[in-house]
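Here the structure is laid out as structure tokens; the discussion comes afterwards.
Sequence lines set the chain letters: A, B, ... in the order given, protein chains first and strands last, and positions in each chain run from 1.
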Amino acid sequence: MVEMVKYKNELNRVALEQFTPSEMNLFFAIVSRIRNKEDCVIRFSLKEIRELAQYKPTAANRLIEDLTHTYAKLLKLTYPHTYTKKDQVIIESFNLFKNFEFCEENEATYDSSGEKITAHTGTTLKDGYVDIAVNPHFSCLFNNVFSGFTQFSLSEFISLKSKYAKNMFRLLKQFRSTGYRRFSIVEFRYMLSIPKSYQIGQIDQKIIQRLKQELSPYFKNLTIRKEYARTQGKKVTGYNFYFTPEKIYR
DNA sequence: CAGTCTCGGGTGACTTGTCT
DNA sequence: AGACAAGTCACCCGAGACTG
């Protein structure tokens with residue numbers, strides 16, 4: 001079964017700043033299971049999260065550390081309300097999860113169904129679970145989503161290596177039926193959390209090239225064009241993304 | 001002319017998956 | 001459980017080309 005991630009487009013206005021690629025995997029693995037849960041508290045076993053996020057490191061406590069970091073970073077996220085005419089971003093806090101309780105079952109080697117949990121090396125992994133409580137204020141992002149949503153395959157998302165590719169993947173998936181998305185340079189920098197020190201040269205070399213390379217398999221005929229101001233020095237004002245729209249079957 | 005992009009290179013730090 | 005190598009990323013530099 002193909003695990004899908006589906007949520008209201010509004011979530012794409014949140015820039016996952018400071019997230020490492022594997023933290024993004026964990027985040028969207030969790031998001032993929034929040035959908036249409038009436039109950040606001042969802043329990044994940046560590047085993048389930050490992051599988052969903054295709055989490056490979058076996059070193060002790062790494063998953064726990066990464067989950068902790070993911071949650072800490074989630075708490076710092078902000079929600080950009082609007083882009084004004086001057087392209088400034090107005091933000092409010094975004095407390096998607098009001099609670100994130102981690103419970104480690106010390107030497108447990110069995111999960112709830114009685115199955116023994118082992119790594120492929122044969123060593124025993126610590127088990128436990130995480131209780132995640134979705135803030136009711138934001139649960140509408142995942143529940144009863146029938147229109148204005150973004151949907152993509154979790155495993156495709158996980159297969160992407162670069163954090164920029166991951167971010168752009170979800171942003172472009174929102175426009176998979178139209179095949180066009182424009183970013184002003186301000187929005188582009190904000191949404192991809194591009195370091196302020198990056199000049200256009202670095203953006204092209206380290207980010208745009210990477211995006212083309214990693215995203216082309218998932219967006220047919222992906223083309224990225226720069227947009228220039230008609231001023232002295234032809235400043236870059238934005239990036240335009242084009243690709244062949246996907247056919248959406250219902 | 002000034003301002004900015006283009007293209008190339010270099011360094012060191014952190015992350016990640018694997019190996020012992 | 002701890003160490004390691006490759007991959008990824010931030011930051012820095014400079015010469016040359018282009019535009020209004």
Next item on the list: State which residues pass side chain to side chain donor-acceptor pair (under 3.5 Å) with Tyr198(A); sequence neighbours excluded, sorted by chain then number.
Entry: none
Next item on the list: Using the test side chain to side chain donor-acceptor pair (under 3.5 Å), find all partners of Thr20(A) that sit at least two apart in sequence or belong to another chain.
Entry: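 Partners of Thr20(A) by the side chain to side chain donor-acceptor pair (under 3.5 Å) criterion, ordered by chain and then number, come out as Glu23(A).
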Roughly, in whole Å, what's the span from [atom1] in [X] to [atom2] in [N]?
| X | N | atom1 | atom2 | result |
| --- | --- | --- | --- | --- |
| Ile158(A) | dT16(B) | CD1 | C1' | 15 Å |
| Lys166(A) | dT15(B) | NZ | P | 16 Å |
| Glu23(A) | dG17(B) | CD | C1' | 16 Å |
| Leu160(A) | dT8(C) | CG | P | 12 Å |

Checklist line | Set of side-chain contact (heavy atoms from CB on, under 4.5 Å) partners for Ala133(A), sequence neighbours left out | finding: Val41(A), Lys98(A), Asn99(A)
Below 4.0 Å: OP1/OP2 of [N] and any side-chain N or O of [X]:
| X | N | result |
| --- | --- | --- |
| Arg62(A) | dA1(C) | no |
| Thr231(A) | dG3(B) | no |
| Ser197(A) | dA10(C) | no |
| Arg230(A) | dT19(C) | no |
| Thr20(A) | dC14(B) | no |

Next item on the list: Spell out protein contact along nucleotides 4-9 of chain B as letters: B when the base is contacted, S when just the sugar-phosphate is, - when no protein heavy atom is under 4.0 Å; keep the 5' to 3' order.
Entry: SSS-B-
Check: Can you name the ring pair (Phe, Tyr, Trp, His ring centres under 6.0 Å) partners of Tyr242(A), sequence neighbours left out?
Finding: Tyr180(A)
Checklist line | Residues that, via side-chain heavy atoms closer than 4.5 angstrom, fall in one hydrophobic cluster with Phe175(A) | finding: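 Noted: Phe175(A) shares its cluster with no other residue.
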Next item on the list: Name the orientation class of the two ring planes belonging to Phe28(A) and Phe152(A) (parallel below 30°, tilted from 30 to 60°, perpendicular beyond 60°).
Entry: perpendicular
Note to self: Any base atoms under 4.0 Å from Tyr55(A), or only sugar-phosphate, or nothing? Heavy atoms, all strands.
What the structure shows: nothing
